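Have a look at the structure below, then the notes.
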Amino acid sequence: MKKMIFIICGFLCFCCMAEIGFPPGAYQISDKGQANAEIMRDTAMFYHYHFKGKKKEAAALLEKVLEQKNNAPFLLYTCSSMYNDGSFPEEKFIALARKHPENPQLCYIFAESLNAKGKKEVALEILEKALAYRLDPPSEQEEPRGKKEKWMSEDFQGLVRVYLVFLERDGKYQKGGDFLQKLFKVYSHEKLNDVTLLGLYAFVNNGMGSVHKEFFRQEAGKCISMLKKSMEGPNEFLTRIPLRTAYMFLNAGEKELVDALLTEPLVTNPVSAASYESLAMLFYIKGQGQNQLRALSQELFYGLLGKKFPMDSLKHLFSAALDWKDKKTVFKNLGRVQRMGLMDDELNYKFVLFLIEENDLQRAKSYCSQIKNPVIRDTLTGGILEREKKYREAMQIYMRLERNDPKNVFLKMSIAEVAKKCGDREIEDQFRKEMILKINQFPEFQNYIGYTWAEQGINLDLAEKYLSMALQKEPRNYAYLDSMAWILYKKKNYSKAKEFILFALRHCKTVNVRGVLLDHAGDIFAALGDRKQALICWQQAVQTGDPELDIKQVLKKLPRPYEHEVRKVQNQGSKADDQKTAPSESQKSEH
């Protein structure tokens, strides 16, 4: 009873105070306190509108709050997400982005958002302003802000990495070299993490041809030595290196380092799907298809132990099986991939090419019709018609596609080839003349025309010049290296041709496109008098299953015991020797 009376009295007192109010002067709020209270109120209302999906009202309140308090990181992060979905004005977002060079993480997020919207120059400006904030002295009397700490923070390293990526996209290696020299005058290499070292190595390796060649060579050496040192101790994180960077390490002779970087996750966590994903990458760059498929199968297995089905792992496994032409793995997982709805245009494209090589043209047509992209669908239809030796129909499809996409170099080369097969000399000459007119612009044309002349035995000096131009742009393209070797062979410069063909074989990792290269290698070794090595190359060539290889011609070069053994291998498949397979994906793009 007493408690009830106490509660009722307290409630009546509260009502009276609310009605009468506090006496004047008893409690006063400062202007700053009033402003902060308004900011808190507006911020609360902004988040209310934001979560309710009222974007217009939320954007208006966010602008008002940021005008009063524009240094609150949590509000600026939200501002970036609203700009990404188009609900925050671009001019005001750019103005805000320019105001915060002191916050590297914000600058990184702002730059990525602006770049995604096509504002690349503004994004680069924001990055450079943020970097200058730490490298350039604020005034003549002060030291750069970086002098306060010798090493770069994690956020600042992320800013450096994204800036180098921006420069690399435009090939601005000289500007990047100037920046790195300035950076390492202020900061040391101490505490650079592995991700930064890998990104830095990729940039300096690609920039070796610039004016900072010697500086880049030194930086590449430092990166490699620091990565080796970091791999000596236990790592608490998974190191993921891009495929291109892994190839660079291999080309630099750092095979053991690549192995260590990609197998370290497996040592750290042997029951992780991500560990086997890294291992699969290692086997891929080594050209070990079966091992890669085993690693991807393990990735799928450990992924299945999780709560959700690892659809990405299944997709990677199926895609790799198509790349390596592993028939058993392809058909084992086909039904599962279809049930999961993973057969997008990319997988359908690869699967149709796989079926064409298996000579299963009816099924290839069926899956080709499921491709949504009309250009990819029609291009594959042309390939199927080529396989059926309906060259005239294939040429009409390619010419229709070329009219809609006159800059497509692959279509021009395909039309010229199909026109040659159906005996239409007029169209063949027309498209070859077009390629010659634009030959200085495209390395694909330089390779195509150069190789065609080498096959015909004409214009060999000019063909060599064109291939030299193509190799300047893509020095490790195995198709271009093979074409150069064949031109030199035709010019009877056999020793130099040998160097190029061996280099081409070293960079061609896919087995079923090595047949022509091995056939050329056999001819070159035979011309040099090394008959034993030539026989080995020819025997390996016919066993690759390369659809571009004329197996009958190669068999004529082999003695009968070799020929008998090779014929047994060839007869195990469903393909006849005289049925020419459609070009593979890599051959279409490179050869």
Side-chain angles (χ1 to χ4, degrees), residues 209 247 251 379 382-383 386 398 401-402 405-421 427-491 493-494 496-510 512-521 523-524 541 544 546-550 580-591:
Y247 275 123
N251 293 331
T379 304
E386 274 192 75
Y398 290 148
L401 290 169
E402 195 271 340
D405 187 8
K407 294 182 179 180
N408 191 313
V409 296
F410 161 69
L411 289 172
K412 291 184 186 297
M413 292 188 290
S414 297
I415 293 168
E417 276 297 302
V418 177
K420 178 183 176 182
K421 289 175 181 176
I427 292 177
E428 180 189 359
D429 290 344
Q430 174 192 338
F431 279 89
R432 284 197 176 164
K433 285 175 183 176
E434 281 189 39
M435 284 187 267
I436 291 171
L437 287 172
K438 298 181 179 179
I439 200 164
N440 291 328
Q441 301 175 26
F442 302 104
E444 295 90 348
F445 287 171
Q446 293 158 4
N447 174 59
Y448 181 86
I449 296 297
Y451 186 78
T452 302
W453 284 345
E455 286 284 273
Q456 297 172 353
I458 61 173
N459 303 330
L460 295 178
D461 290 336
L462 192 54
E464 184 179 356
K465 177 185 173 184
Y466 287 149
L467 260 299
S468 297
M469 292 165 64
L471 285 168
Q472 282 180 356
K473 296 177 182 176
E474 298 182 43
R476 294 184 175 87
N477 187 311
Y478 71 84
Y480 299 172
L481 291 164
D482 171 55
S483 297
M484 177 61 92
W486 199 234
I487 292 166
L488 294 167
Y489 170 79
K490 292 286 186 174
K491 293 180 74 174
N493 189 347
Y494 303 127
K496 199 170 180 183
K498 176 185 170 182
E499 293 177 15
F500 276 95
I501 197 65
L502 292 177
F503 201 31
L505 287 166
R506 195 181 311 153
H507 288 285
C508 181
K509 304 294 181 183
T510 309
N512 71 334
V513 298
R514 288 166 62 93
V516 174
L517 276 67
L518 286 163
D519 180 32
H520 289 167
D523 291 346
I524 292 167
T544 58
D546 187 345
E548 291 297 311
L549 182 68
D550 189 342
K580 192 173 177 64
T581 311
S584 68
E585 184 180 355
S586 58
Q587 288 168 323
K588 284 183 176 181
S589 63
E590 294 180 335
H591 216 325

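Predicted, not measured: the structure shown is a model, and the values here were computed from it.
In this structure, the side chain of Lys412 engages the main chain of Pro406 through a donor-acceptor pair within 3.5 Å. Checked by atom type and distance alone, the side chain of Arg476 never pairs as donor or acceptor with a backbone atom of His507 at under 3.5 Å. For Asn459 (side chain) and Leu462 (main-chain N/O), no donor-acceptor pair under 3.5 Å exists by modelled atom type.
Proximity of Gln472 to Gln446: side-chain heavy atoms (C-beta onward) are nowhere separated by under 4.5 Å. The side-chain heavy atoms of Arg432 and Tyr448, taken from C-beta on, include a pair separated by under 4.5 Å. Side-chain atoms of Phe445 and Lys438, non-hydrogen and from C-beta on, do get closer than 4.5 Å to each other. Taking the side chain as every heavy atom from C-beta outward, Leu401 and Asn408 never approach each other to under 4.5 Å. Side-chain atoms of Arg514 and Leu505, non-hydrogen and from C-beta on, do get closer than 4.5 Å to each other. Contact annotation: the side chain of Leu481 never approaches that of Ile501 to less than 4.5 Å [non-hydrogen atoms, C-beta and beyond].
A search for salt bridge (Lys or Arg N to Asp or Glu O under 4.0 Å) contacts involving Glu499 returns nothing, not counting sequence neighbours.
A donor-acceptor contact closer than 3.5 angstrom is absent between the side chains of Tyr398 and Glu417.
Crowding of Lys473 atom NZ: a count of heavy atoms from other residues, nucleotides or ligands under 6.0 Å exceeding 12.
Note on ring orientation: taking the six-membered ring where Trp is involved, the planes of Trp486 and Tyr489 are parallel (angle under 30°, cut-offs 30° and 60°).
With values rounded to the nearest 0.5 angstrom, Ile487 atom CD1 is found 10.5 Å from Glu455 atom CD.
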